[in-house]
Number of protein chains: 2
Amino acid sequence: MTMPSAGRRDRKKAATRQAIADAALQLFLERGYDQVSIRDIADAADVSTATVFKHFSGKEALVFDQDEDRESQLIAAVRQRPSGQSILDALRHHILDTWPSIEAHPQAAEFTNLVNSTPVLSAYAERMWTRHTDSLGAAIADEFGVDHDNLTCVALARFVLEIPVLARGRQDRRAAIEAVFDILTHGWEPPSKPPAP
Amino acid sequence: MTMPSAGRRDRKKAATRQAIADAALQLFLERGYDQVSIRDIADAADVSTATVFKHFSGKEALVFDQDEDRESQLIAAVRQRPSGQSILDALRHHILDTWPSIEAHPQAAEFTNLVNSTPVLSAYAERMWTRHTDSLGAAIADEFGVDHDNLTCVALARFVLEIPVLARGRQDRRAAIEAVFDILTHGWEPPSKPPAP
DNA sequence: GTAGAAAAGTGCAACGACTCTACTTAGCGA
DNA sequence: TCGCTAAGTAGAGTCGTTGCACTTTTCTAC
């Protein structure tokens with residue numbers, strides 16, 4: 001594995017960060033997002049409020065700790081796909097491989113519930129995905145040798161990044177992901193009517 | 001036309017609201033969003049800060065004054081479409097008819113620039129559109145007699161509502177809208193390479 | 001008309017998120 | 001061992017936002 005703890009300093013820094021994130025998540029799950037202040041979190045982690053903001057850009061970021069390198073993974077999935085594989089297939093496999101496991105965590109039920117019941121967190125979660133639209137669109141455009149803001153490529157990036165949001169909370173997430181990729185591949189078709197009740 | 005000014009009270013209320021919105025927009029364009037406080041706006045409009053929040057839900061809402069009934073228009077476009085017209089066509093015509101005029105306003109350049117250069121405003125603008133995903137998805141589902149959270153319908157709603165965001169700032173907005181609707185209708189295809197330089 | 005409900009607006013205090021500044025502490029490299 | 005730098009602290013301050021008690025204005029019903 002990687003060795004992120006080059007020295008005692010970095011290790012202590014990571015420990016503080018983790019202590020803050022842990023305290024925050026526990027308090028949020030206990031009382032709800034709006035009922036927990038930064039002060040509460042700082043006290044629980046035994047740090048000052050200023051330290052909290054040294055580690056996290058804002059209150060919402062405390063909830064989504066492990067966000068880091070989704071972007072680079074996405075772009076790598078496009079750039080380093082098996083030769084002969086289409087970009088749509090590469091993205092489909094990447095999302096099928098990486099994403100459902102995030103929701104399959106223990107504690108995921110409570111966590112998902114927390115996010116869905118707190119509007120500011122739902123909004124933040126959506127932006128976490130769509131934030132990467134530009135980079136992914138540019139990567140796709142590179143594969144075809146067109147401008148980075150090429151509409152076709154940016155549109156594909158944006159639609160693909162909506163898929164996790166669309167699949168969130170569905171019973172069969174994998175089927176949902178496949179279904180939406182089908183729309184993108186073959187065009188939209190009216191839903192099949194269910195058998196009459 | 002409609003008569004929204006039933007009495008003196010409503011007229012004065014509308015006037016105050018307008019005074020606040022005007023003062024806010026002018027100050028924002030002059031100094032930039034972050035350099036204007038709610039107190040500044042309240043002072044410029046000669047009201048108290050509490051009054052500002054009686055009329056607008058938050059600071060961001062001061063920028064997007066005329067947001068109101070996009071949702072009902074969208075749903076009407078689906079429900080009351082000419083018989084025989086597909087839902088995709090109805091939505092395409094609706095967006096082509098209603099949306100490009102919003103950006104064609106005088107002062108639109110400065111305004112667009114303000115929004116694009118202020119992250120919190122870009123995020124808010126996106127949410128203004130995608131906020132209606134659920135209602136539009138439900139309306140589409142109704143047309144086919146399927147569940148309101150039917151994935152195919154919700155996905156279509158979400159993709160369609162992304163189109164204005166995708167077309168924003170393009171040279172030829174109408175062509176951009178058509179192009180994205182083409183993706184939704186026939187499936188995604190790689191972009192055509194431009195002639196080599 | 002006039003009384004009184006209803007609503008718009010005010011002034012103020014408060015809370016929480018976040019920032020800034022000046023200061024202490026602790027690891028690190030020479 | 002001696003600084004240098006980065007992590008952390010305390011505390012004051014800004015700003016968005018809300019709540020409360022109160023005044024003023026308009027509408028409505030008698």
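Just so we're clear, the structure is a prediction, and the values are computed from it rather than from any experiment. Naming: A, B, ... by sequence-line order, numbering from 1 per chain.
Going from atom NZ of B/K59 over to atom P of D/dG16 covers 4 Å, rounded to whole Å. In this structure, A/L62 places its CG atom 10 Å from P of C/dA17, rounding to the nearest Å. Following rounding to the nearest Å, B/K54 (NZ) and D/dG16 (P) show an atom-to-atom distance of 18 Å. A straight line from CZ of A/F28 to C1' of C/dA17 spans 12 Å, rounded to a whole angstrom. The CG-P distance, from B/D10 to D/dT26, rounds to 12 Å in whole Å. Distance CZ (B/R8) to P (C/dA7): 19 Å, rounded to an integer number of Å. Residue B/I20 contributes atom CD1, which lies 7 Å from atom P of C/dG9 at whole-angstrom precision. In this structure, CD of A/E60 is placed 11 Å from P of C/dA17, rounded to the nearest angstrom.
The stretch residues 32-45 of chain A has no heavy atom under 4.0 Å from DNA chain D, so no residue of it qualifies as close.
Residue whose closest nucleotide on DNA chain D sits further toward the 5' end, between B/G58 and A/V47: A/V47.
To the nearest 0.5 Å, atoms CD (B/E71) and CG (B/L161) are separated by 9.5 Å.
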* To do: Please test A/D43 against A/R39 for salt bridge (Lys or Arg N to Asp or Glu O under 4.0 Å), starting from the C-alpha separation and ending with a verdict.
  => CA-CA 6 Å; A/D43 287 350; A/R39 197 64 217 248; 3.7 Å; yes
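A side-chain donor from one of B/Q18 and B/D22 sits under 3.5 Å from a side-chain acceptor of the other. No hydrogens or angles considered: nothing links the side chains of B/T133 and B/T130 as a donor-acceptor pair under 3.5 Å.
End-to-end axis angle of the helix from C/dG1-D/dC30 to C/dA30-D/dT1, from C1' rotation axes over five pairs per end: 20° (rounded to 10 degrees).
With respect to the salt-bridge test (charged N to carboxylate O, under 4.0 angstrom), the residues B/D10 and B/K13 do not qualify. A salt bridge does not link B/E178 with B/R173: none of the charged nitrogens is closer than 4.0 Å to a carboxylate oxygen.
Sorted by first then second residue, the side-chain hydrogen bond (donor to acceptor under 3.5 Å, both in side chains) pairs that include residues 75-87 of chain B, not counting sequence neighbours, are B/R79-B/D142, B/R81-B/E143, B/Q85-B/H93.
The side chain of A/R9 approaches C/dG27 more closely than any other nucleotide in the set C/dC18, C/dG27, D/dT25. Checking C/dC12, C/dA8, C/dA17 against the side-chain heavy atoms of B/A50 singles out C/dC12 as nearest.
A close approach under 4.0 Å does not occur between any side-chain nitrogen or oxygen of A/T51 and OP1 or OP2 of D/dG8. Listed pair B/H55 / C/dA8 fails the phosphate criterion, with no side-chain N or O lying under 4.0 Å from OP1 or OP2. Close to D/dG8, at under 4.0 Å from its OP1 or OP2, lies a side-chain N or O of A/T16. Distances shorter than 4.0 Å separate some side-chain N or O of A/K12 from OP1 or OP2 on C/dG27.
Atom CZ of A/R131 sits in a sparse spot, with 12 or fewer heavy atoms from other residues, nucleotides or ligands closer than 6.0 Å. Atom NE2 of A/H148 is surrounded by more than 12 heavy atoms from other residues, nucleotides or ligands within 6.0 Å. Summarising the local packing, CG of A/D46 is surrounded by 12 or fewer heavy atoms from other residues, nucleotides or ligands at distances under 6.0 Å.
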